[in-house]
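Step one of this worksheet: look at the structure below.
Counting begins at 1 with the first residue of the sequence. None of these values were measured; they are calculated from a predicted model.
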Amino acid sequence: MGDSMAWEPLRRELDRWQAAGRVARLWLRDDDAVEPTQALETLIGLAGEHEIPLTLAVIPGLTGEGLAARLASEATVAVAVHGWSHTNYGGPAGKKQELGGERSAETVLGELHEGLRLLQRLHPAGFLPMLVPPWNRIDAALIPALPALGFAALSVYGRAKQESPMPLLNTHVDIIDWHGTRGGRGEAELVAELVTELRDRFAGSDEPVGVLAHHLVHDAAAWKFLSALFAMTSRHPAVLWSSSAALVKL
């Protein structure tokens with residue numbers, strides 16, 4: 001495991017859950033999968049070693065038979081729809097966004113429908129009808145139309161702030177330092193975020209805690225964190241790593 005002192009706050013929090021006879025629900029999402037890579041092999045192997053279900057947000061417009069063949073035998077890997085092509089239409093001054101903005105709803109929804117049908121065909125066993133918007137952004141006006149396309153859930157980033165027209169399964173702890181090194185964030189900072197989320201759940205929220213990874217940009221720090229997190233939590237009696245399908249009741 002990593003620096004044991006950095007992990008002590010999480011250990012104490014989980015022991016508190018155990019003493020109270022409670023179990024925290026965690027889930028793992030990894031974005032931007034397209035094709036088999038060594039990084040993807042590392043992620044699948046690490047999750048499999050610790051028996052942790054993995055949800056891959058796959059970019060439909062960039063993927064194909066190669067990834068489908070690699071995942072066909074992975075019973076604990078689910079495939080969600082990561083937009084269409086992960087193209088930024090937000091413009092130079094705006095936030096990055098593919099789903100909405102200046103684009104017509106008809107165009108965006110048409111791409112999403114095509115993406116859903118493509119991944120459903122490529123991954124018949126592991127497909128999950130959940131939309132993961134690129135950059136975790138989607139115009140709110142588009143969300144009510146998603147169920148008619150075949151989507152059963154939506155996954156973005158952050159705690160759910162209001163009622164949603166469809167089930168939400170969000171992520172809450174992103175292990176990548178996007179505004180700095182673009183590699184793994186520090187262990188102590190990530191542990192503190194996890195503890196904050198767990199304390200919120202202990203106080204009454206029933207939202208599962210989602211950990212967000214991006215295997216294609218993982219450096220040594222990111223892999224070290226995931227390895228230590230899995231080692232500490234996978235067999236702790238106060239933790240249940242759940243599949244996304246189970247959490248959205250599909």
Side-chain angles (χ1 to χ4, degrees), residues 1-2 26-88 96 98 115 119 122-123 126-128 130-136 155-157 169-187 189-191 193-194 208-234 241-245:
M1 188 177 292
L26 275 65
W27 77 288
L28 176 64
R29 192 186 100 199
D30 180 275
D31 289 1
D32 302 344
V34 171
E35 61 186 356
T37 63
Q38 185 52 56
L40 182 59
E41 289 299 322
T42 301
L43 179 65
I44 292 173
L46 188 59
E49 176 187 350
H50 295 281
E51 299 180 346
I52 292 174
L54 168 63
T55 299
L56 289 177
V58 176
I59 305 171
L62 303 181
T63 195
E65 300 289 348
L67 184 64
R70 174 59 190 88
L71 298 182
S73 61
E74 296 292 341
T76 60
V77 178
V79 170
V81 182
H82 199 30
W84 168 248
S85 63
H86 213 298
T87 300
N88 176 25
K96 292 180 177 180
E98 180 177 58
L119 294 186
L122 288 173
H123 304 273
F127 179 70
L128 180 77
M130 180 169 75
L131 174 63
V132 178
W135 299 286
N136 292 292
S155 180
V156 290
Y157 188 80
L169 183 60
N170 287 358
T171 54
H172 309 88
V173 178
D174 188 340
I175 73 170
I176 300 299
D177 178 13
W178 293 109
H179 302 293
T181 65
R182 297 186 69 82
R185 296 166 60 201
E187 282 184 329
E189 183 180 18
L190 287 167
V191 166
E193 284 192 10
L194 277 168
V209 177
V211 175
L212 178 57
H214 288 75
H215 66 278
L216 291 174
V217 298
H218 285 191
D219 59 3
W223 291 122
K224 179 184 176 184
F225 174 79
L226 281 184
S227 181
L229 175 64
F230 295 170
M232 172 179 282
T233 59
S234 61
W241 281 94
S242 299
S243 70
S244 48

Do [X] and [Y] come within less than 4.5 Å of each other through their side chains, counting heavy atoms only?
X	Y	answer
Leu54	Thr76	no
Trp178	Val217	yes
Leu67	His123	yes
Ser242	Leu26	no

Using 0.5 Å steps for rounding, measure from the [atom1] atom of [X] to the [atom2] atom of [Y].
X	Y	atom1	atom2	value
Leu43	Leu56	CG	CG	6.5 Å
Asp30	His82	CG	NE2	9.0 Å
Leu71	Ile44	CG	CD1	5.5 Å
His50	Leu28	NE2	CG	12.0 Å
Leu216	Glu35	CG	CD	8.5 Å

Carefully, step by step, assess Asp32 and His215 under the rule side chain to side chain contact (heavy atoms under 4.5 Å, CB included). CA-CA 8 Å; Asp32 302 344; His215 66 278; 5.7 Å; no

Run the salt bridge (Lys or Arg N to Asp or Glu O under 4.0 Å) test against Asp31 and tell me which residues pass, sequence neighbours left out. Arg29

Partners meeting salt bridge (Lys or Arg N to Asp or Glu O under 4.0 Å) with Glu41 (sequence neighbours left out): Arg70

Nearest atoms (heavy-atom pairs only) where [X] meets [Y]:
X	Y	answer
Pro36	Gly66	CG-O, 3.5 Å
Ile52	Ser234	CD1-CB, 4.4 Å
Ser244	Leu128	OG-CD2, 3.2 Å
Gly115	Pro60	CA-CB, 3.6 Å

Centre-to-centre under 6.0 Å for Trp241 and Phe230, is that the case here? yes

Please confirm whether the backbone N or O of [Y] pairs with a side-chain atom of [X], one donor and one acceptor, at under 3.5 Å?
X	Y	answer
Asn170	Val156	yes
Thr63	Val34	yes
Tyr157	Asp174	yes
His172	Gly210	yes
Ser155	Val132	no
Glu98	Ser85	yes

Go through the steps to decide whether Arg182 and Asp177 satisfy the test side chain to side chain contact (heavy atoms under 4.5 Å, CB included), and finish with yes or no. CA-CA 5 Å; Arg182 297 186 69 82; Asp177 178 13; over 6 Å; no

Set out, in order, the CA-CA distance, both residues' side-chain angles and the distance that settles side chain to side chain contact (heavy atoms under 4.5 Å, CB included) for Leu190 and Ile175, then state yes or no. CA-CA 7 Å; Leu190 287 167; Ile175 73 170; 4.2 Å; yes

Full working for side chain to side chain contact (heavy atoms under 4.5 Å, CB included) between Glu65 and Leu122: CA-CA 7 Å; Glu65 300 289 348; Leu122 288 173; 3.5 Å; yes

Does either side chain, that of Trp223 or that of Asp219, offer a donor lying less than 3.5 Å from an acceptor on the other one? no

Do Ser243 and Trp27 pass the side-chain hydrogen bond (donor to acceptor under 3.5 Å, both in side chains) test, and can you show the C-alpha distance, the side-chain angles, and the key distance before you say yes or no? CA-CA 6 Å; Ser243 70; Trp27 77 288; over 6 Å; no

